[in-house]
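Note sheet for the following structure.
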Amino acid sequence: LSGNSGRATDGNRVASNLRDEGNMRKSRFVVKIGGSILRQRGAADRLLGYLAKLPQKRETVLVFGSGSLASVLNAELAAVFNHSDRGAHLSTLLVRDCVATYAVAAKPMLSLADSTFAIEAAWSQGKLPVLRQSALVSWLGRFAWSKRMSSDSVAGVLAGLIDAQRLILLKDVAGIYDSFPPIGTAKPLRRISTRHLRQKVRSCVDPLLPSVLELFRLRCLVASGMDLVNVASCFDSRPSCGTWIDVLAQSRRRRGPGGI
């Protein structure tokens with residue numbers, strides 16, 4: 001991952017901590033909760049209640065999307081200041097932080113985390129850490145300001161840095177479909193390669209995700225977060241639902257400048 005001279009100091013520290021401490025041995029999962037789930041009344045509450053009860057042998061970190069909350073705010077701000085891609089990206093990032101902060105304030109089993117120290121502290125207290133995304137994104141340099149990078153890819157970077165067993169992207173649909181939008185005769189795919197995913201014009205994941213998965217050689221499952229039976233399956237050794245994104249064998253693991 002390449003950055004720039006304007007990286008925030010705390011962002012550097014967070015990323016360094018995440019990388020250096022990423023080899024502690026427990027089953028680790030990064031779970032991204034899509035903004036589309038937040039729009040469904042009661043869905044996020046049920047999902048958080050389930051995730052908080054996961055066995056202690058599974059160390060899980062949550063990453064929130066922003067959904068329509070960011071879209072509404074950006075539309076209002078654009079009407080006042082005129083549209084700015086950078087401004088929209090920054091405000092979207094802050095909305096995700098707001099969602100995480102609000103969720104932690106409302107749910108005692110959650111704990112806001114902006115470093116691995118905070119993540120470890122949450123696990124030791126039996127709580128579920130929620131990433132404050134701005135702490136990590138500030139380290140990512142030019143990729144942080146790309147419209148192509150949503151919380152899907154942020155979750156992927158986190159999963160790679162802490163050596164997670166699996167990245168789980170929970171959506172309000174059953175996975176990645178053979179056509180988009182997933183209506184009519186569209187069917188969810190059981191598997192798709194990063195190469196074919198990159199070729200799709202539109203899907204329910206962000207365009208930068210295939211490169212992040214290839215960079216860290218990540219296992220990634222895209223599934224519905226609306227059904228807790230499906231969510232439970234996501235943590236199994238052989239999930240019965242969702243779409244696996246396969247990183248092709250010839251996609252070498254790359255680090256450092258130009259890695260994505």
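Just so you know, residue 1 is the first one in the sequence shown, and it goes up from there.
- Residues passing the side chain to side chain donor-acceptor pair (under 3.5 Å) test with Thr243: none are found, sequence neighbours excluded.
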- Message: Does Arg96 form a side-chain contact (heavy atoms from CB on, under 4.5 Å) with Ser150? I'd like the steps, not just the answer.
- Response: CA-CA 10 Å; Arg96 294 178 201 154; Ser150 75; 4.2 Å; yes
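- Between the side chains of Asp206 and Ser153, at least one donor N or O sits under 3.5 Å from an acceptor N or O.
- The hydrophobic cluster containing Val173, built from Ile/Leu/Val/Met/Phe/Trp/Tyr side-chain heavy atoms closer than 4.5 Å, also comprises Tyr177.
- To the nearest 0.5 Å, the span separating CD1 on Ile176 from OG on Ser203 amounts to 5.5 Å.
- Note that CE of Met226 and CD1 of Ile37 are 6.5 Å apart. Values are rounded to the nearest 0.5 Å.
- Applying the side-chain contact (heavy atoms from CB on, under 4.5 Å) test to Pro210 and every residue at least two apart in sequence or in another chain returns Thr194, Leu197, Arg198.
- Under a 3.5 Å cut-off, the side chain of Ser151 and the backbone N or O of Val154 do not form any donor-acceptor pair.
- The heavy-atom pair separating Gln133 from Phe64 by the smallest distance is NE2-O, 2.6 Å.
- For the pair Leu170 and Gly225, the tightest heavy-atom approach, listed with the atom from each and the gap, is CB-CA, 4.0 Å.
- With sequence neighbours excluded, no residue forms a side chain to side chain donor-acceptor pair (under 3.5 Å) with Thr101.
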- Task: Check step by step if side-chain contact (heavy atoms from CB on, under 4.5 Å) holds for Leu73 and Val95.
- Result: CA-CA 9 Å; Leu73 176 61; Val95 168; 3.6 Å; yes
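- In this structure, the side chains of Val130 and Val63 stay at 4.5 Å or more apart for every pair of heavy atoms.
- Among all heavy-atom pairs drawn from Cys204 and Gly175, the shortest one is SG-O, 3.6 Å.
- Counting side-chain heavy-atom gaps under 4.5 Å among Ile, Leu, Val, Met, Phe, Trp and Tyr, Val229 is found in no cluster with other residues.
- Taking the side-chain contact (heavy atoms from CB on, under 4.5 Å) definition, one finds that Ala159 meets it with Val30, Ala164, Leu167, Leu218, sequence neighbours left out.
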Expected list for residues 179-192: side-chain donor-acceptor pairs under 3.5 angstrom, two or more places apart:
{"residue": "Arg190", "atom": "NH1", "partner": "Cys241", "partner atom": "O", "Å": "3.4"}
{"residue": "Arg190", "atom": "NH1", "partner": "Gly242", "partner atom": "O", "Å": "2.8"}
{"residue": "Arg190", "atom": "NH2", "partner": "Pro239", "partner atom": "O", "Å": "2.5"}
{"residue": "Arg191", "atom": "NE", "partner": "Asp246", "partner atom": "OD1", "Å": "3.4"}
{"residue": "Arg191", "atom": "NE", "partner": "Asp246", "partner atom": "OD2", "Å": "2.9"}
{"residue": "Arg191", "atom": "NH2", "partner": "Asp246", "partner atom": "OD1", "Å": "2.9"}

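- Residue pairs that meet the side chain to side chain donor-acceptor pair (under 3.5 Å) test with at least one member in residues 38-49, sequence neighbours left out, are Asp45-Lys107.
- Scanning for side chain to side chain donor-acceptor pair (under 3.5 Å) contacts around Asn74 gives Ser91, Thr92, with sequence neighbours left out.
- For Phe29, the ring pair (Phe, Tyr, Trp, His ring centres under 6.0 Å) criterion is met by Phe235, not counting sequence neighbours.
- With sequence neighbours left out, the side chain to side chain donor-acceptor pair (under 3.5 Å) criterion links Thr60 to no other residue.
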- Kindly indicate, with the supporting measurements, whether the criterion side-chain hydrogen bond (donor to acceptor under 3.5 Å, both in side chains) is fulfilled by Asn230 and Ser224. CA-CA 7 Å; Asn230 285 344; Ser224 172; 4.7 Å; no
- Message: salt bridge (Lys or Arg N to Asp or Glu O under 4.0 Å) for Asp163 and Arg28? Distances and angles first, verdict last.
- Response: CA-CA 8 Å; Asp163 196 21; Arg28 287 188 166 181; over 6 Å; no
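- A distance of 11.5 Å separates CG of Leu62 from CG of Leu112, quoted to the nearest 0.5 Å.
- A donor-acceptor pair under 3.5 Å is formed between the side chain of Arg166 and the backbone N or O of Asp236.
- Of the possible donor and acceptor atoms, one in the side chain of Ser193 sits under 3.5 Å from a partner among the backbone N and O of His196.
- Looking at residues two or more places apart in sequence or on another chain, you find no side-chain contact (heavy atoms from CB on, under 4.5 Å) involving Asn82.
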